[in-house]
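Just below is one structure, and these are the notes that go with it.
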Amino acid sequence: MRKSLRSWLWRVPIDQEIADEIALHLELRTRELIQSGVDPRSARELALQRMGDLAVVKETCVNLGRKRDRGMRLTQWFEELHDDVRFALRQLRAAPVFTAIAVATLALGIGANSAIFALVDATLLRPLPYANPDRLVASAAGRSRRSPALRRTSAAW
C-alpha cells in the first residue's frame, strides 16, 4: 500500500519522462559525434536529423508508455487482489467463530434487505396492474352503512 501510494503521489508524468529520455539520447549521440571529430554545432544538428521528427517520436513513445503503464497497473492490481484474498482466507481460517458470526450477520442483513425491498417494490414502487388505478373505488361488502368518503366516491360515478 505504501509503495503504490508513494508512486501515485510522486510519479513523474510520462510526458516529462519521455522528454528527459529523448534529451538524454540526443546528448549522448551528440557527444559520440563530437568524439569522432565533428564540431559541436554540426554534431547536434546531425543527431537531431538522425532522430527524425521529435514530435512523432515523442507521441509514439508516450502512447507506448501509457500502454505499458496500463498493463503494469492491471497486472499489479490482480497480483495484489490475489494476495489480499489469500490473506483474508488465512485470517478467516484462523478464527472460525468470528467467521461463522460474520457469515451469519451478512446472511441475515442481505436477507432482510432483500425482503424489505421486495415488499416496498410490490406495494409502493410498482403501479397497480389495472388500466386506470387512480379510479379504483373501495367498497364495503356486507355493511349497511356506508362511510361519508365512500358515499362521495359512489356519487361521483
Side-chain angles (χ1 to χ4, degrees), residues 1-138 153 156:
M1 173 73 174
R2 194 176 335 138
K3 184 175 87 174
S4 62
L5 181 64
R6 187 181 312 130
S7 68
W8 182 70
L9 290 175
W10 291 285
R11 197 170 95 205
V12 176
I14 197 160
D15 298 339
Q16 181 63 40
E17 188 179 341
I18 299 292
D20 292 345
E21 190 73 22
I22 289 174
L24 174 71
H25 282 285
L26 280 173
E27 182 64 29
L28 290 175
R29 186 65 182 152
T30 304
R31 286 182 187 177
E32 283 177 7
L33 291 171
I34 290 172
Q35 286 177 355
S36 67
V38 181
D39 67 295
R41 180 174 287 173
S42 303
R44 178 75 177 178
E45 290 174 5
L46 189 57
L48 280 170
Q49 186 180 22
R50 287 186 181 172
M51 180 73 77
D53 187 9
L54 289 182
V56 173
V57 171
K58 185 175 181 180
E59 182 180 346
T60 303
C61 290
V62 166
N63 290 338
L64 289 172
R66 286 192 179 133
K67 189 184 294 185
R68 180 205 62 198
D69 283 353
R70 203 172 25 249
M72 287 173 60
R73 278 193 306 249
L74 188 62
T75 303
Q76 182 181 2
W77 187 83
F78 277 122
E79 288 173 358
E80 288 176 1
L81 176 68
H82 180 259
D83 292 341
D84 289 345
V85 168
R86 285 182 57 207
F87 177 74
L89 291 175
R90 222 176 19 243
Q91 292 296 325
L92 290 175
R93 255 187 267 131
V97 174
F98 171 76
T99 303
I101 291 171
V103 168
T105 303
L106 284 171
L108 287 173
I110 292 170
N113 189 15
S114 298
I116 290 171
F117 178 74
L119 182 67
V120 168
D121 183 45
T123 56
L124 300 175
L125 299 179
R126 287 191 187 167
L128 294 174
Y130 302 110
N132 296 320
D134 56 332
R135 297 193 62 198
L136 287 177
V137 179
T153 0

Open item on the list: If I take atom CD1 from residue Ile110 and atom OG1 from residue Thr105, how far apart are they, to the nearest 0.5 angstrom?
Closed with: 10.5 Å
TODO: Measure across Val57 and Met51 and return the closest heavy-atom pair with its distance rounded to 0.1 Å.
DONE: CG2-O, 3.8 Å
- [ ] Give the minimum heavy-atom separation between Ala47 and Thr30, together with the two atoms involved.
- [x] CB-OG1, 3.7 Å
Task: Straight-line distance of Leu64 CG to Ile14 CD1, nearest 0.5 Å - done: 9.0 Å
TODO: Count the heavy atoms of every other residue, nucleotide or ligand shown that sit under 6.0 Å from CD of Glu27, and state whether that count exceeds 12.
DONE: yes
Task: Sequence neighbours excluded, every pair satisfying side chain to side chain donor-acceptor pair (under 3.5 Å) that has a member inside residues 112-127 - done: Asp121-Arg126
TODO: Could you note down all residue pairs passing salt bridge (charged side-chain N to carboxylate O under 4.0 Å, His left out) where residues 32-42 supplies at least one of them, sequence neighbours left out?
DONE: Arg29-Glu32
Open item on the list: If we check side chain to side chain contact (heavy atoms under 4.5 Å, CB included) with Glu59, which of these qualifies: Val56, Asn63, Val62?
Closed with: Asn63
Open item on the list: Once rounded to the nearest 0.5 Å, what's the spacing between atom CG of Asp15 and atom SG of Cys61?
Closed with: 11.0 Å
Open item on the list: Let me confirm one number: the CD1-CG distance from Ile34 to Leu46, rounded to the nearest 0.5 Å.
Closed with: 11.0 Å
Task: Nearest-0.5 Å distance, CZ of residue Arg86 to CG of residue Asp84 - done: 11.0 Å
Task: Any donor-acceptor N or O pair under 3.5 Å, side chains Gln76, Glu80 - done: yes
TODO: Report yes if some heavy atom in the side chain of His25 is under 4.5 Å from a heavy atom in the side chain of Glu21; otherwise report no.
DONE: yes
Task: Distance-minimising heavy-atom pair for Ala95 and Thr99 - done: O-OG1, 2.8 Å
Task: Approximate separation, where rounding is to 0.5 Å, of Arg44 CZ and Arg31 CZ - done: 11.0 Å
